[in-house]
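Structure first, commentary second.
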Amino acid sequence: MKIFLDTADAKEIREMAASGLIDGVTTNPSLAAKTGRDYVESLREIATIVGGPISAEVLATDYDGMMKQAKIFTQIGKHIAVKVPLTWDGLRACKELSAGGVMVNVTLCFSPMQAMLAAKAGATFISPFIGRLDDIGEDGMGLIRDIRTVYDNYGYKTEILAASVRHVMHVREAALAGADVSTIPSSVFKQLYNHPLTDKGLAAFLADAQKANVVIKG
Ligand code: E4P
């Protein structure tokens, strides 16, 4: 499964990208607001750090405005994915941009039928928001499973990008459900590799080696 970082903070992205395990980045207006920086400037910097898809979300809600903002984003680089909301105008913009060879991430998806329309509009990514569904007592992971089934039934190539991920279990369940990508905050990325038995086992190996004076000679 691909791992994208869900942040607009270039410094944080640089730090996490040093792992060599980050396949892309997703941003949104709320994440951009948190940085206190100019959104396009941040995207330009992020585009120099990560070579995979970087989602840049439009602020316009009408088709013409979305297309204008998409043009600004795509001038940053070929690996920018224009992020549009799952609305009538968003789907129209998705269809047009995809036909022109631009990657599109359709965001704020909360139902399998919304996801089907995004696929028909040629979306590169569909972003179902798991955490926000769980927050209101609905089944976020069930949505990922349903979209997987619909896409497999009809051979849609749109990648399922599990979004609104809150913890490691979400990533695990999304991977088991067949999501193509999980976009995660860096706090969750750091937790992915942690296991108390790894730490305990490593401490025991090192202690045993030290006791018996085991060394690696070059
Ligand atoms: C990613 O593309 C989404 O914008 C993001 O995951 C939303 O997450 P949130 O529900 O934690 O705001």
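Computed from a prediction, not measured in an experiment: that's the story for all the values here. Just so you know, residue 1 is the first one in the sequence shown, and it goes up from there. Note that ligands are numbered from 1 as they come in the structure, with each ligand's atoms numbered from 1 the same way.
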**ligand 1 to N28 polar contact by distance, N or O atoms, under 3.5 Å** = yes
**For K83, atoms of ligand 1 separated by under 4.0 Å from a heavy atom** = 1 (C), 2 (O), 3 (C), 4 (O)
**Contact atoms of ligand 1, heavy-atom distance to R132 under 4.0 Å** = 7 (C), 9 (P), 10 (O), 12 (O)
**Message:** If I compare all heavy atoms of S55 with all of T27, which pair ends up nearest, and what's the gap?
**Reply:** O-OG1, 2.6 Å
**Asked** Can you find an N/O atom of T183 closer than 3.5 Å to an N/O atom of ligand 1?
**Response** no
**Message:** With a 4.0 Å cut-off on N to O distance, would you call D135 and R166 a salt bridge?
**Reply:** yes
**Message:** Looking only at protein heavy atoms, which one is nearest to atom 3 (C) of ligand 1, and what is the separation?
**Reply:** F129 CZ, 3.5 Å
**Request:** Identify, for atom 11 (O) of ligand 1, the protein heavy atom at the shortest distance, and state residue, atom and that distance.
**Result:** R166 NH1, 2.7 Å
**Prompt:** When only distance counts, is D6 in polar contact with ligand 1, meaning an N/O pair under 3.5 Å?
**Reply:** yes
**Pair R148 + D180, salt bridge at N-O below 4.0 Å** = yes
**Asked** Rounded to the nearest 0.5 Å, what separation is found between the CG atom of L117 and the CG atom of L86?
**Response** 7.0 Å
**Message:** Which label fits H167 and H170: parallel for a plane angle under 30°, tilted from 30 to 60°, or perpendicular past 60°?
**Reply:** parallel
**Asked** Identify the closest protein heavy atom to atom 8 (O) of ligand 1: which residue and atom is it, and at what distance?
**Response** S164 CA, 3.4 Å
**Request:** Determine whether the aromatic ring centres of F4 and F189 lie less than 6.0 Å apart.
**Result:** no
**Message:** Under a 4.0 angstrom heavy-atom cut-off, which atoms of ligand 1 come close to T26?
**Reply:** 1 (C), 2 (O)
**Per-atom contacts of ligand 1 with A163, taking only distances under 4.0 Å to non-hydrogen atoms** = 1 (C), 6 (O)
**Asked** Any N or O on S127 sitting closer than 3.5 Å to an N or O of ligand 1?
**Response** no
**Item:** Presence of salt bridge, E138 and R132, under 4.0 angstrom
**Value:** no
**Message:** Under a plain distance cut-off of 3.5 Å, with no hydrogens placed, do R44 and S42 share a side-chain donor-acceptor pair?
**Reply:** no
